[in-house]
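A quick write-up on the structure given underneath.
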Amino acid sequence: MKQCLLCEKELRENHQFRELFLLCHQEEWICKECKESFQEIGSIHCPRCFKEKEEQICKDCELWEQKGNIVHHEAIYRYNESMKEYFKRYKFEGDKLLGKVFSRRLKTELKKYKNYIVVPTPISKEKKQERGFNQISTILDDAKINYSDIFEKKDGVAQSKKTREERLKTSQHFRLKGKVQKNKQYLIVDDIYTTGKTIELMKQLLTEKGVKEIKTFSIAR
Ligand SMILES: [Zn+2]
Ligand SMILES: [Zn+2]
């Protein structure tokens, strides 16, 4: 019997039967209730970073602009309690199978970026050893999305263990390990966007290499 990956409730058979009948086999990984506990970002959001309830360019994005960086970010879901719980299990408890939960949705969302080179946010070597996988490339692999793994993370204190202020202060903690094609468009994909600092550091490295068009994407915001 197939179970929901999140709450272990039995996934109903008729679901699969209908898909079989329609000849579009889309495997379900979570139940309807769990699916509905993830909320999408509403239509009112900052046009640049998807921060909710901002009708115009938000303060953070204005600050980024003053530093010479125009934010081009898109996100799907709110970072609500269910999302926090999901990432806790997926990342910190290292349940790799949970990568499947958002893979199909990510595939659909990234269709509009088909001319972009997709780049996952890297994790440090120590994190990789501890967890065993990179949370973003795992989702991209599950979704069968091609990507270019050009960044690496310098080891150090985990971002999640730092305060917001400390995170904003930290200088560059990524470096390029792969070749950059400056005439291509890039899409950097991360799991959660908070201050934008992490993703903007990677963006900076690509800009320095002469890349003109860089957009960023996250599952949650
Ligand atoms: Zn469930
Ligand atoms: Zn914004």
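Indexing begins at 1, ligand by ligand and atom by atom, following the structure's order.
Put simply, the angle at the Zn ion (ligand 1) from SG in Cys34 to SG in Cys4 is close to 110°, to the nearest 10°. The Zn ion (ligand 2) forms the vertex of an angle spanning SG of Cys61 and SG of Cys49; to the nearest 10 degrees it equals 100°. Angle SG(Cys46) to the Zn ion (ligand 2) to SG(Cys58), rounded to 10°: 120°.
Because its NZ or CZ atom is not both nearer than 6.0 Å to the ring centre of Phe38 and within 45° of the ring axis, Arg105 does not count as a cation-pi partner of that residue.
Annotation: Lys144, atom NZ; neighbour count of heavy atoms from other residues, nucleotides and ligands within 6.0 Å does not exceed 12.
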Exercise. Between Asp149 and Lys177, does a salt bridge (Lys or Arg N to Asp or Glu O under 4.0 Å) hold up when you go through it step by step?
Worked result: CA-CA 8 Å; Asp149 197 10; Lys177 63 169 181 181; 3.6 Å; yes

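For the Zn ion (ligand 2), the N/O/S atoms of His73 include none lying under 2.8 Å.
Of the possible polar contacts, one joining the Tyr90 side chain to the Gln135 backbone as a donor-acceptor pair under 3.5 Å is found.
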